[in-house]
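Have a look at the structure below before the remarks.
Just so we're clear, the structure is a prediction, and the values are computed from it rather than from any experiment.
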Amino acid sequence: MNEEELRAVVVGELRPLAGPIVLVDYDSEWPRRFQREEERIRAALGPAVLQLDHTGSTSVPGLAAKPIIDIILVVPDSTDEGAYVPALEAAGYVLRIREPDWHEHRVFKGPDTNVNLHVFSPGCEEVDKMLIFRDWLRENQADRELYERTKRELVQQKWKFGQDYADAKTAVVEEIVARARRMRSG
């Protein structure tokens, strides 16, 4: 995603990285941080929460990660922002990304924990992909090590935006997801 494309989806000011991307060793507190956010989100949205999962590197024991808790939230319709945005904002979350051309994806930042809350609608293939990736890394040491090695190499580079780093991981993520799908189906 280039800078112009980023500006088109970011809500508010587009902020370049203030410093290098930092990976830290796995922290056993991460699942507890997710649980705290899960309780806050469920309290804010009630039955509008169709699915809520801890994803990303912080959800994989033993994997080094940026200390950001990634959460998938599935609501009845991510395009119907009036049905969930005000309640999340009242709970302290801030809408930062709106991607109508990519699965109607929305991203909120957390109120007091470094969180990326990813919002999707039911049936979104990206949700399945993120969960397959997480589950495979939890059980496959070789791919977990490959992913961590890739991330450690990439954080050595200078990135203008965090999205640039995320985009640079795409090839290895796709390779791992494809392998996970093949192994699970065969």
Side-chain angles (χ1 to χ4, degrees), residues 1-17 30-60 65-138 161-170 173-174 176-178 180-181 184:
M1 192 177 283
N2 64 39
E3 189 169 337
E4 182 179 319
E5 292 168 324
L6 271 175
R7 286 188 192 286
V9 299
V10 169
V11 177
E13 180 184 350
L14 177 61
R15 299 179 199 125
L17 290 170
W30 290 338
R32 283 188 279 282
R33 289 186 193 148
F34 164 74
Q35 288 174 337
R36 188 179 75 197
E37 298 307 310
E38 178 181 27
E39 290 169 9
R40 188 182 341 224
I41 293 162
R42 288 187 185 282
L45 296 178
V49 175
L50 302 182
Q51 183 177 344
L52 197 60
D53 290 290
H54 186 188
T55 60
S57 295
T58 62
S59 70
V60 180
K66 294 181 303 178
I68 301 170
I69 308 300
D70 281 293
I71 301 172
I72 291 174
L73 167 63
V74 177
V75 297
D77 180 359
S78 63
T79 67
D80 184 7
E81 292 184 8
Y84 65 94
V85 171
L88 287 174
E89 288 177 339
Y93 293 92
V94 178
L95 179 62
R96 289 292 295 143
I97 295 175
R98 180 183 291 117
E99 293 183 286
D101 295 335
W102 190 72
H103 308 289
E104 289 293 352
H105 177 236
R106 308 296 191 265
V107 177
F108 292 78
K109 294 303 286 182
D112 53 19
T113 300
N114 200 349
V115 169
N116 288 330
L117 176 59
H118 302 271
V119 182
F120 296 100
S121 296
C124 177
E125 69 235 23
E126 188 63 20
V127 171
D128 293 335
K129 178 181 166 185
M130 291 169 80
L131 295 175
I132 287 168
F133 185 67
R134 178 202 65 193
D135 293 347
W136 181 256
L137 290 182
R138 283 177 173 174
F161 300 105
Q163 186 62 46
D164 298 331
Y165 164 77
D167 291 345
K169 296 184 303 181
T170 299
V173 169
E174 294 296 336
I176 292 169
V177 168
R181 286 184 169 145
R184 289 173 189 255

> Any side-chain heavy atom of Ile41 sitting closer than 4.5 Å to one from Tyr93?
Replying inline: yes
>> Closer than 3.5 angstrom, by distance alone: can the side chain of Arg106 be matched with the main-chain N or O of Leu95 as a donor-acceptor pair?
In response: no
> Looking only at atom types and distance, does a side-chain atom of Arg96 sit under 3.5 Å from a main-chain N or O of Glu13, one as donor and one as acceptor?
Replying inline: yes
> Got a salt bridge between Glu125 and Lys129, using NZ or NE/NH1/NH2 to carboxylate O under 4.0 Å?
Replying inline: no
> Out of curiosity, Leu14 CG to Leu6 CG, how far, rounded to the nearest 0.5 Å?
Replying inline: 5.5 Å
>> Within this structure, what is the NZ-OG distance for the pair Lys169 and Ser57, rounded to the nearest 0.5 Å?
In response: 5.5 Å
> What's the spacing between Ile71 CD1 and Thr55 OG1 if we round to 0.5 Å?
Replying inline: 8.0 Å
> Which heavy-atom pair separates Ala44 from Ala91 by the least distance, and what is that distance?
Replying inline: CB-CB, 4.0 Å
> What are the two closest non-hydrogen atoms of Arg15 and Phe161, and how far apart are they?
Replying inline: O-CD2, 3.8 Å
>> Treating Ser78 as the side-chain partner and Val119 as the backbone partner, does any N or O pair qualify as donor plus acceptor under 3.5 Å?
In response: no
> Just how far is it from atom CH2 of Trp30 to atom NE2 of His54, taken to the nearest 0.5 Å?
Replying inline: 8.5 Å
>> To the closest 0.5 Å, what do you measure between NE2 (His103) and SG (Cys124)?
In response: 5.0 Å
> Any side-chain heavy-atom pair from Leu50 and Pro76 closer than 4.5 angstrom?
Replying inline: yes
> Do the side chains of Glu81 and Arg98 get nearer than 4.5 Å, heavy atoms only?
Replying inline: yes
> Listed by chain and number, what are the side chain to side chain contact (heavy atoms under 4.5 Å, CB included) partners of Gln51, not counting sequence neighbours?
Replying inline: Asp53, Val74, Val127, Leu131
> Are Val49 and Tyr84 close enough, and set up right, to give a side-chain contact (heavy atoms from CB on, under 4.5 Å), and what steps lead you there?
Replying inline: CA-CA 9 Å; Val49 175; Tyr84 65 94; over 6 Å; no
> Does the side chain of Leu45 come within less than 4.5 Å of Leu73's, by heavy atoms?
Replying inline: yes
> So, do Phe133 and Ile176 sit near enough that their side-chain heavy atoms are less than 4.5 Å apart?
Replying inline: yes
> Among Val115, Thr113, Asn116, which residue meets the side chain to side chain contact (heavy atoms under 4.5 Å, CB included) test with Ile68?
Replying inline: Asn116
> Can Arg36 and Asp112 be said to form a salt bridge (charged side-chain N to carboxylate O under 4.0 Å, His left out), step by step?
Replying inline: CA-CA 11 Å; Arg36 188 179 75 197; Asp112 53 19; 3.3 Å; yes
>> Nearest 0.5 angstrom please: Asn114 CG to Asp70 CG, how far?
In response: 9.5 Å
> Where is the tightest heavy-atom contact between Pro122 and Val75, given as atom of each residue plus distance?
Replying inline: CD-O, 3.1 Å
> Are Arg40 and Glu37 ion-paired here, with the side-chain N under 4.0 Å from a carboxylate O?
Replying inline: yes
>> Can you confirm whether Thr58 sits close enough to Phe34 that some side-chain heavy atom of one is under 4.5 Å from a side-chain heavy atom of the other?
In response: no
>> Below 30° counts as parallel, above 60° as perpendicular, anything between as tilted: where do the rings of His105 and Phe120 land?
In response: parallel
